[in-house]
Amino acid sequence: QVQLVESGGGLAQPGGSLRLSCAASGFSSETYAIGWFRQAPGGEREGVSCISGSGNIAYYADSVRGRFTISRDNAKNMVYLQLDSLKPEDTAVYYCARKLRTYTSFRPDCPDWQYSYWGQGTQVTVSS
């Protein structure tokens with residue numbers, strides 16, 4: 001069955017870096033876009049970044065553009081999110097998810113309603 005498992009979260013200082021990983025299984029990796037999302041305590045889930053199946057197209061939320069980088073290695077069924085120049089407001093649980101349908105548009109706002117098969121999440125805490 002389709003499964004996505006996140007890892008790599010932890011505690012970082014402001015200005016620091018973390019690399020999140022998303023291990024995908026149960027489907028042909030290059031066929032589907034993958035998104036990274038986050039949810040802060042008391043907040044709504046928001047799209048952070050998403051990448052096309054081929055990896056040629058990537059979108060970012062305005063709040064993270066220039067600081068986060070999404071990438072994927074389809075040979076390894078892995079998707080990564082490099083978090084640089086971290087800020088306290090980046091503190092959240094980060095999730096990866098697979099786009100539900102291949103034939104719907106790949107939207108630059110990475111809306112969570114287009115994605116499914118959510119992982120369990122990995123906590124990112126940015127604090128001095």
Side-chain angles (χ1 to χ4, degrees):
Q1 71 275 21
V2 176
Q3 189 174 19
L4 294 99
V5 179
E6 306 92 340
S7 62
L11 175 64
Q13 292 188 340
S17 297
L18 288 172
R19 190 194 195 203
L20 307 185
S21 298
C22 173
S25 61
F27 62 97
S28 179
S29 181
E30 66 271 15
T31 304
Y32 292 90
I34 299 290
W36 280 98
F37 303 81
R38 67 185 181 186
Q39 188 166 18
E44 295 185 353
R45 187 167 58 195
E46 63 170 333
V48 174
S49 180
C50 48
I51 188 168
S52 63
S54 65
N56 291 341
I57 303 172
Y59 296 121
Y60 298 91
D62 289 343
S63 58
V64 307
R65 188 175 294 111
R67 301 188 298 118
F68 292 6
T69 305
I70 193 171
S71 62
R72 68 190 299 163
D73 183 343
N74 285 335
K76 297 181 179 179
N77 293 329
M78 296 292 295
V79 179
Y80 306 100
L81 188 67
Q82 178 69 36
L83 286 60
D84 296 319
S85 303
L86 282 163
K87 303 176 180 180
E89 52 263 42
D90 295 320
T91 296
V93 179
Y94 284 70
Y95 302 89
C96 62
R98 195 203 82 179
K99 192 167 175 284
L100 188 58
R101 308 294 181 202
T102 59
Y103 53 80
T104 55
S105 60
F106 181 46
R107 294 169 54 118
D109 57 339
C110 312
D112 62 356
W113 54 265
Q114 276 198 328
Y115 292 79
S116 188
Y117 305 107
W118 299 87
Q120 82 289 348
T122 186
Q123 176 71 47
V124 171
T125 302
V126 184
S127 175
S128 56

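Owing to the predicted nature of the structure, the values given are computational and were not obtained by experimental measurement.
Side-chain contact between V93 and R38 is absent, with no heavy-atom pair separated by less than 4.5 Å. Contact check for Y32 versus L100: no side-chain heavy atoms found under the 4.5 Å cut-off. At least one side-chain heavy atom of F68 sits under 4.5 Å from a side-chain heavy atom of D90. A heavy-atom distance below 4.5 Å is found between the side chains of P88 and P14. In this structure, I57 and I51 have side chains that are not in contact, with every pair of non-hydrogen atoms separated by 4.5 Å or more. Looking at heavy atoms from C-beta onward, T91 lies in side-chain contact with Q123 at the 4.5 angstrom threshold. Side-chain atoms of V124 and L20, non-hydrogen and from C-beta on, do get closer than 4.5 Å to each other.
Contact check on D62 versus R65 returns a salt bridge, with a Lys/Arg side-chain nitrogen under 4.0 Å from an Asp/Glu carboxylate oxygen.
Every pair passing side-chain hydrogen bond (donor to acceptor under 3.5 Å, both in side chains) that includes a residue from residues 75-84 is listed here, sequence neighbours excluded: S17-D84, Q82-D84. Among residues at least two apart or in separate chains, side-chain hydrogen bond (donor to acceptor under 3.5 Å, both in side chains) pairs with a member in residues 18-29 are S28-E30, S28-T31, S29-R72, S29-N74. Residue pairs meeting the side-chain hydrogen bond (donor to acceptor under 3.5 Å, both in side chains) criterion with at least one partner in residues 106-116, sequence neighbours excluded, are R45-D112, R107-D109.
Residue T125 holds its OG1 atom at 10.5 Å from CG of L86, rounded to the nearest 0.5 Å.
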Notebook entry, point to check: Can you check side-chain contact (heavy atoms from CB on, under 4.5 Å) on C50 and W36, steps first, answer last?
Noted result: CA-CA 6 Å; C50 48; W36 280 98; over 6 Å; no
Note to self: Between L4 and C96, is the side-chain contact (heavy atoms from CB on, under 4.5 Å) condition met? List the steps.
What the structure shows: CA-CA 7 Å; L4 294 99; C96 62; 3.8 Å; yes
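Counting all heavy atoms, side chain and backbone alike, R101 lies closest to K99 at O-NZ, 2.7 Å.
Cluster membership for L18 and Y95, using ILVMFWY side-chain heavy atoms within less than 4.5 angstrom, is not shared. Y117 is not connected to M78 by any chain of hydrophobic side-chain contacts under 4.5 Å among Ile, Leu, Val, Met, Phe, Trp and Tyr, and they are in different clusters.
Remark: R98 engages no residue in a salt bridge (charged side-chain N to carboxylate O under 4.0 Å, His left out) (not counting sequence neighbours). Y59 is linked by a ring pair (Phe, Tyr, Trp, His ring centres under 6.0 Å) to F106, counting only residues two or more places apart in sequence or in another chain. With sequence neighbours excluded, the residues satisfying side chain to side chain contact (heavy atoms under 4.5 Å, CB included) with Q120 are V5, E6.
Checked against a 6.0 Å centroid threshold, the rings of F37 and W118 count as neighbours.
When the options I70, T69, I34 are evaluated for a side chain to side chain contact (heavy atoms under 4.5 Å, CB included) with S49, the one that passes is I70.
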